[in-house]
Amino acid sequence: FMHTALALASIGLGFITLVKPKGTRWHRAVGMAYVFAMFGMNVTALTIFEAFGGFGVFHVLSLVSVTTLLFGFGAAYLRRPPDAWIDAHAHLMAWSYVGLVAAAFSEIAVRIPGVPFGPGVAVPSFLIPIIGGFWIRRTLGAAAAKRRRGAGI
C-alpha cells in the first residue's frame, strides 16, 4: 500500500513540477516533496520480492532511479557543476519522471487480463523512454539554448 501511495504521489508531484514555472519557491517545495515521495517509493520497492522471490531487475531499476534522483537533486542543491547545474538538474529529474511513468505503465499493463508479464513490462519500458527522450531533447534542449543566448554564449 505504501509503495503504491508514494508512487501515485510521485506521479502527481512530478507532473506539477514539470508543468509549473521553474526556479520559484513553489517549484522548490513541490520538487522536494517529489524527491521525498520518490525516495520513499524506491525504498519500499526494495522490500517487495513477490515477482521474483528475491532481488530482481526491478530492484536494480529502483537503485538506478534513486541514483538519478539523488544526482538530480544534488546538482540543484550543491549548484554543481557550476556552469551546468541547471541542465544537469533538469535532465536528471526529467529522466527520473520518465522512468516513473514507464514503471507505472508497466505495472498497469501486467494487470490487464491476458497481457503476458514479459511484454507487459517490456513494451512500456521500451516505448516510454523513447517518447520521453524526444520530449526531453525538445523541451530541455530549447530551454538550454535560451539560457545560453541570455548569457551571451
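Keep in mind that the numbers below use all heavy atoms, side chains included, and drop hydrogens, waters and symmetry copies.
Cluster annotation: Tyr34 is connected to Leu18 through the hydrophobic network of ILVMFWY side chains, with a link wherever side-chain heavy atoms come within less than 4.5 Å. At a threshold of 4.5 Å between side-chain heavy atoms, the hydrophobic network of Ile, Leu, Val, Met, Phe, Trp and Tyr places Val57 and Val121 in one connected group. Hydrophobic clustering of Ile, Leu, Val, Met, Phe, Trp and Tyr side chains at less than 4.5 Å, counting indirect connections, unites Val43 with Leu100. Using a 4.5 Å cut-off between side-chain heavy atoms of Ile, Leu, Val, Met, Phe, Trp and Tyr, with links allowed through other members, Ile112 and Val123 fall into different hydrophobic clusters. In this structure, Leu61 is not a member of the same hydrophobic cluster as Leu6, with clusters built from ILVMFWY side-chain heavy atoms closer than 4.5 Å.
For the pair His91 (side chain) and Asp87 (backbone), a donor-acceptor distance under 3.5 Å is present. For the pair Thr67 (side chain) and Leu63 (backbone), a donor-acceptor distance under 3.5 Å is present. No side-chain donor-acceptor contact under 3.5 Å links Ser106 to the backbone of Pro124.
Across Lys22 and His27, no two heavy atoms sit closer than the pair CD-CE1, 3.4 Å. Residue Asn42 comes nearest to Ser65 through the heavy atom pair ND2-OG, 3.0 Å, listed as atom of the first residue, atom of the second, then distance. In terms of heavy atoms, Pro116 sits closest to Gly114 at CD-O, 3.2 Å. Residue Ser10 comes nearest to Met38 through the heavy atom pair OG-N, 3.3 Å, listed as atom of the first residue, atom of the second, then distance. Minimum interatomic distance between Val115 and Gly120 (heavy atoms only, all atoms of both residues): CG1-CA, 3.7 Å. The two residues Ala37 and Leu13 have their closest heavy-atom pair at CB-CD1, 4.2 Å.
Counting heavy atoms from C-beta on, the side chains of Leu127 and Phe105 never come closer than 4.5 Å. Residues Trp26 and Ile16 are in side-chain contact: their nearest non-hydrogen atoms beyond the backbone lie under 4.5 Å apart. Annotation: side chain of Trp135 is not in contact with side chain of Leu140 (no heavy-atom distance under 4.5 Å). When side chains are defined from C-beta on, Val30 does not count as touching Lys20, because their heavy atoms never get closer than 4.5 Å. You'll find the side chain of Met93 reaches within 4.5 Å of the side chain of Val35, heavy atoms only.
Qualifying side-chain hydrogen bond (donor to acceptor under 3.5 Å, both in side chains) partners for Arg111, counting only residues two or more places apart in sequence or in other chains: Glu107.
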Next item on the list: Report the C-alpha separation of Phe58 and Ile48 in whole Å, then their side-chain angles, then the decisive distance to 0.1 Å, and conclude whether the side chain to side chain contact (heavy atoms under 4.5 Å, CB included) test is met.
Entry: CA-CA 9 Å; Phe58 297 114; Ile48 300 170; over 6 Å; no
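Each of Leu69, Ile11, Thr17, Ile136 was checked for a side chain to side chain contact (heavy atoms under 4.5 Å, CB included) with Tyr97, and the lone residue meeting it is Ile11.
Other residues, nucleotides and ligands place no more than 12 heavy atoms under 6.0 Å from the CZ atom of Phe126.
Ring pair His89/Tyr77: centre-to-centre distance not below 6.0 Å.
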